[in-house]
Q: 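A single structure is presented below for examination.
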Amino acid sequence: MPPDALYLHLPFCVARCPYCDFVVYAGGDARGPRARTERLYEAVGRELELRADALDERFGRAASGGPRTTLRSVYFGGGTPSLVPGEWLERLMALVRERFGLAPDAEVTLEANPGSEDRGDPAGFRRAGVTRISFGAQSLDAGELRRLGRRHSPEDVAAAVAEARAAGIGSVNLDLLYDLPGGSVAAWEATLRTALALAPDHLSLYALTLDDPDAEGLTGRDGDHLLTPPGARRWRERARLGQDDDRAADQYCLATDLLAERGWHGYEISNWARPGHESRHNLAYWERRPYEAVGPGAHAFDGATRRWNAAAMEPYIAALVPAHGAAVARRPRTDAAGSGWRSATGRIPELPPGGMERLGPEQIAAEEVILALRLDYGVDEATASRPPLNGVREWAESVGLLEVVVLDGQPRVRLTTRGRLLSNELFARLV
Ligand code: SF4
């Protein structure tokens, strides 16, 4: 199947938060005379063209004249995509519509920071077609925000949500973090209640994780992560001392109970929505449907193969915009080199460096089960009765990690709340 979801990674932030593992370029890369923003946006546009060309070859033309499925969701992630000027957002969206096709009711999400200097212009986002904004609120406690190195205040979050609503954004998400160093269950409850008072439609609640991507071998030449700066490493070493697994479990259970009382749908391990506001784009990941992706460090999936772009920005730009500033002329799609573009110097843009992994049958089976178990409707009996889940199901039920429930008249096997807390114990046995 052709992808019906598209992710665009726009990596710029005003400043880099010490706990962040995303592909982010901050400071002078993002603002000022040496900023690399325009070059990157141009390269992202070029990658969109090349990926659309490849999909056209494989599946036929897009909405303009062929059977390729139109997109049901587009997601601008980062980084802080709310820093992208409105005109660039409109250009990228026009390209998406032209080359991929966009369903009339498509969900178009933009990640934003709530601070006044980087939350951007929600009216401009709305004009470009954004239907959903996801704010990186992280906490609504001023002290916790300071300890996290965030530049915004709780009042900024309230103002950002109000502005998004006034601009006609129909769905608003708040990202919040628990298991913060020096945090408490009481402070977490206060953050949750304050967040609910802002009347968002969706909450993503993540435990603060302080992994070391360097140790996982993800930061090489074609790796999808950047090296962690030394200052961030030192910050993480100190922060880990202030975390507590038991307190984190209490915080998670508190959120689960509080949101259930209010009628929220806990549809994924870390995600809750008012009914009807579940993230269509993120469901494509968990339901293992094909998705396309562009931008440094972005990951795509076609049903059998995972591919990623390298995180490094200069090789990304150099491949896609080989003679920056030179006019680039469109050529017929029959171009022998497979590209519809050629720069004034004659160099043809190439797809950026990166990697890919073709999944074997056992990996696919494990991945299907693990992703489905993240969702509240879990897996059906047939899936639970074959490898890899059948080998551990009895154990997982006996220790209270899995339960059988009846949904829509059918038995489903899913994680209990305890299973959600300890899901990695189960998932490690499935691979
Ligand atoms: S604002 Fe978000 S993306 Fe940017 S560095 Fe902080 S956590 Fe990472």
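Numbers for residues simply follow the sequence, beginning at 1. Only a predicted model underlies this, so the values are computations on that prediction, with no experimental measurement involved. We count ligands from 1, going down the list as the structure has it; atoms in each ligand are counted the same way. Every heavy atom of this structure was used, including side-chain atoms; hydrogens, water molecules and symmetry mates were not.
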Q: Check whether any N, O or S atom of Cys17 sits under 2.8 Å from atom 8 (Fe) of ligand 1.
A: no
Q: Before we go on, tell me: are the rings of Tyr291 and Tyr7 under 6.0 Å apart, centre to centre?
A: no
Q: Give the atom numbers and elements of ligand 1 that come within less than 4.0 Å of a heavy atom of Ala15.
A: 5 (S)
Q: Does a side-chain heavy-atom distance below 4.5 Å link Thr383 with Val369?
A: yes
Q: Once you restrict to heavy atoms under 4.0 Å, what part of Cys13 touches ligand 1? Side chain, backbone, both or neither.
A: side chain
Q: Can you sort out which atoms of ligand 1 are near Arg150, meaning under 4.0 Å from one of its heavy atoms?
A: 1 (S), 2 (Fe), 6 (Fe), 7 (S)
Q: With atoms numbered from 1 as shown, which atoms in ligand 1 lie under 4.0 angstrom from a non-hydrogen atom of Asn113?
A: 1 (S)
Q: Ignoring hydrogens and angles, tell me if any N or O in the side chain of Asn113 forms a donor-acceptor pair with the backbone of Gly115 under 3.5 Å.
A: no
Q: Taking only heavy atoms of Cys20, which atoms of ligand 1 are found under 4.0 Å from at least one of them?
A: 3 (S), 5 (S), 7 (S), 8 (Fe)
Q: Has Glu111 got any heavy atom lying under 4.0 angstrom from an atom of ligand 1?
A: no
Q: Quick one: which of Arg358, Arg288, Arg58, Arg307 gives a salt bridge (charged side-chain N to carboxylate O under 4.0 Å, His left out) with Asp302?
A: Arg58
Q: Answer yes or no on whether Arg36 is positioned over the face of Tyr25, meaning its NZ or CZ is under 6.0 Å from the six-membered ring centre and within 45° of the axis.
A: yes
Q: Would you verify whether the NZ or CZ of Arg306 falls within 45 degrees of the ring axis of Phe301 while also being under 6.0 Å from that six-membered ring's centre?
A: yes
Q: Ligand 1 versus Ala26, non-hydrogen atoms closer than 4.0 Å: side chain, backbone, both, neither?
A: neither
Q: Report yes if the side chains of Leu102 and Met93 come closer than 4.5 Å at any heavy-atom pair, otherwise no.
A: yes
Q: Hey, is Gly79 one of the residues with a heavy atom under 4.0 angstrom from ligand 1?
A: yes
